[in-house]
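A short write-up of the structure that comes next.
Note that the structure is predicted; figures quoted are calculated from it, not measured. Residue numbers start from 1 in every chain, and the chains themselves are labelled A, B, ... in the order their sequence lines are given, proteins ahead of strands.
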2 protein chains.
Amino acid sequence: MTARMTDLTHRKTLPRLDESLLTYLTPFSKLEKREIRSILDQATSRRYDEGVSIFDEGAPAERFFMLLDGYVRVVRVTPTGEQVTALHIPAGQLLGIAKAIGRETYPATAVTATESIVLSWPTRLWDGFVADYDGFATETYKTVGDRMGEIHNRVMEMATQQVEQRVANALLRLINQTGRKVSDGIEIDFPITRQDLSELTATTLHTASRLLSAWEKQGLVQSKRKRIKVLDPHALVVISQPKSDL
Amino acid sequence: MTARMTDLTHRKTLPRLDESLLTYLTPFSKLEKREIRSILDQATSRRYDEGVSIFDEGAPAERFFMLLDGYVRVVRVTPTGEQVTALHIPAGQLLGIAKAIGRETYPATAVTATESIVLSWPTRLWDGFVADYDGFATETYKTVGDRMGEIHNRVMEMATQQVEQRVANALLRLINQTGRKVSDGIEIDFPITRQDLSELTATTLHTASRLLSAWEKQGLVQSKRKRIKVLDPHALVVISQPKSDL
DNA sequence: GTTTGAATTTGAGCCAGCGCAACGTTCTCT
DNA sequence: AGAGAACGTTGCGCTGGCTCAAATTCAAAC
């Protein structure tokens, strides 16, 4: 649970900050380059190892963050210590924006799924950004809405679908959001254990493991330790569909 | 699925619009009376019968709404027709605020749980309200955040708790949000069927019915058709807790 | 290269809760 | 008042997926 500091000008780790890619950062897509620069100039950059927390549920929301590179899991922990993953955040998005929804503390814990580069600003700058840059708030709230929709979808899934369908859906979502095309399929771009997958689908790692084994035998997926590659996405789509009566 | 129009000045149905109660309307708590009046003057008032939809998932978000009196269920329907209730909205809150989260269409369906009085405005007025009234946006986003939190909690519950615990939790939430104290307990303030309860807890109406029967035998609750009264909230709290090892 | 711990696989048994079905009760409408 | 619909109850059998347990594979650290 440690994280190392990198210095702010460590260009090598910030390849995406190329001019032409600034608008790739979700909250900035409506802003002018000059404005974006001004916001970025006030940021602190930091590198996190895989599997460390960026902020913790319940802690005072002293900063807000933007994921420049990597992937982050948003998780919550039950009183009994079980973890539940709410969603995955891809590079280019804000996180920890408690202020945007009127909270003083972070509503969940953010854990890096890969080594990640994260910008952050003190929360006190938030109101200024919203006031000064028109599109900033709009884009941010779109993000909030999208996440709400995703969580909402999770509720639907968990309420109506079987475990097999949920796991198939989770894999499809992961390859859509974070898939990397390789020779014979699409690979999930970060290390993911059976346990992670089970926390994403509200099942046990045993069941997740069994499903992956079965699918591997059928040639739908290939998986090594912490790596999953989907060979036949369409077959997964079929599985993910609620089975209609024949 | 019909709804009757009432005229705008039908004071009898708008008892809450008394001066002293204006700030009871969540989005207005930070505004001056004059400002609130100005917003309300632009609203259309309408009465809905119980069990009708105010707006439907996927429809263009032409208006946004405020629930003046009554209760509304936010539901989504699966391709196979199963309903899942995401949350309940009490009087005083906004709903259908697709614009606030950058959506062009309603992300879910809103169904009245009781006869309800609803104000509405054309969506095109939204940006003006946000720009003209400072606290309006803030309060609105707090509401969005709260709902996000609630849905998030639902995901946690469904992922980690047994049906019995979830139903107990749902009842507790309902009596907290909408409970009315009566002589010997707390009654849920609107008609609720076993089916409704099951859609709230991702189970079947059969299981919900069995649980209520069991609890009634133990004297924890009393229920008539469409009415549930909780006699012993504390016992429900105990049930809702994940059972620790003895 | 060996040790150690994390990740994964697989088996076997079991039970919460679902599906189905039948029946009872209470409303509503004419 | 009677018919029909909506709502609620309860029994029974079945099974998806959980729990418990044990063995195996892999990776990193020493």
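Atoms CD (A/E164) and P (D/dT15) sit 16 Å apart, rounded to a whole Å. Whole-Å rounding puts the A/E199 CD to D/dC18 C1' distance at 16 Å. Distance, B/Q162 CD to C/dC14 C1': 14 Å, rounded to whole Å. Straight-line distance from the CD atom of A/Q161 to the C1' atom of C/dC18: 17 Å, rounded to whole Å. Rounded to an integer number of Å, the gap from CG of A/L211 to C1' of D/dG16 is 11 Å. With rounding to whole Å, B/Q165 atom CD is found 14 Å from C/dG17 atom C1'.
Under the side chain to side chain donor-acceptor pair (under 3.5 Å) criterion, B/T80 pairs with B/T78, B/E82, sequence neighbours left out. Residues passing the side-chain contact (heavy atoms from CB on, under 4.5 Å) test with A/E50 are A/P191, A/K226, sequence neighbours excluded. Among residues two or more places apart in sequence or in another chain, the side chain to side chain donor-acceptor pair (under 3.5 Å) test is passed with A/D56 by A/S53.
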Open item on the list: Base contacts versus sugar-phosphate-only contacts with protein, heavy atoms under 4.0 Å: please encode nucleotides 6-12 of chain D as B, S and - from 5' to 3'.
Closed with: BBSBBBB
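Among residue pairs with one or both ends in residues 143-175 of chain B, none qualify as ring pair (Phe, Tyr, Trp, His ring centres under 6.0 Å); sequence neighbours excluded.
Under the 3.5 Å distance criterion, the side-chain polar atoms of A/T112 are left unmatched by any main-chain donor or acceptor of A/E115. Between the B/R194 side chain and the B/H206 main chain, no donor and acceptor come within less than 3.5 Å of each other.
Between B/L197 and B/I228, the closest side-chain pair of non-hydrogen atoms falls below 4.5 Å.
The stretch residues 76-85 of chain A has no heavy atom under 4.0 angstrom from DNA chain D at all.
Minimum heavy-atom separation, B/F190 to B/A113: CD1-CB, 3.9 Å.
Taking only side-chain nitrogens and oxygens, A/T204 comes nearer than 4.0 Å to OP1 or OP2 of D/dC18.
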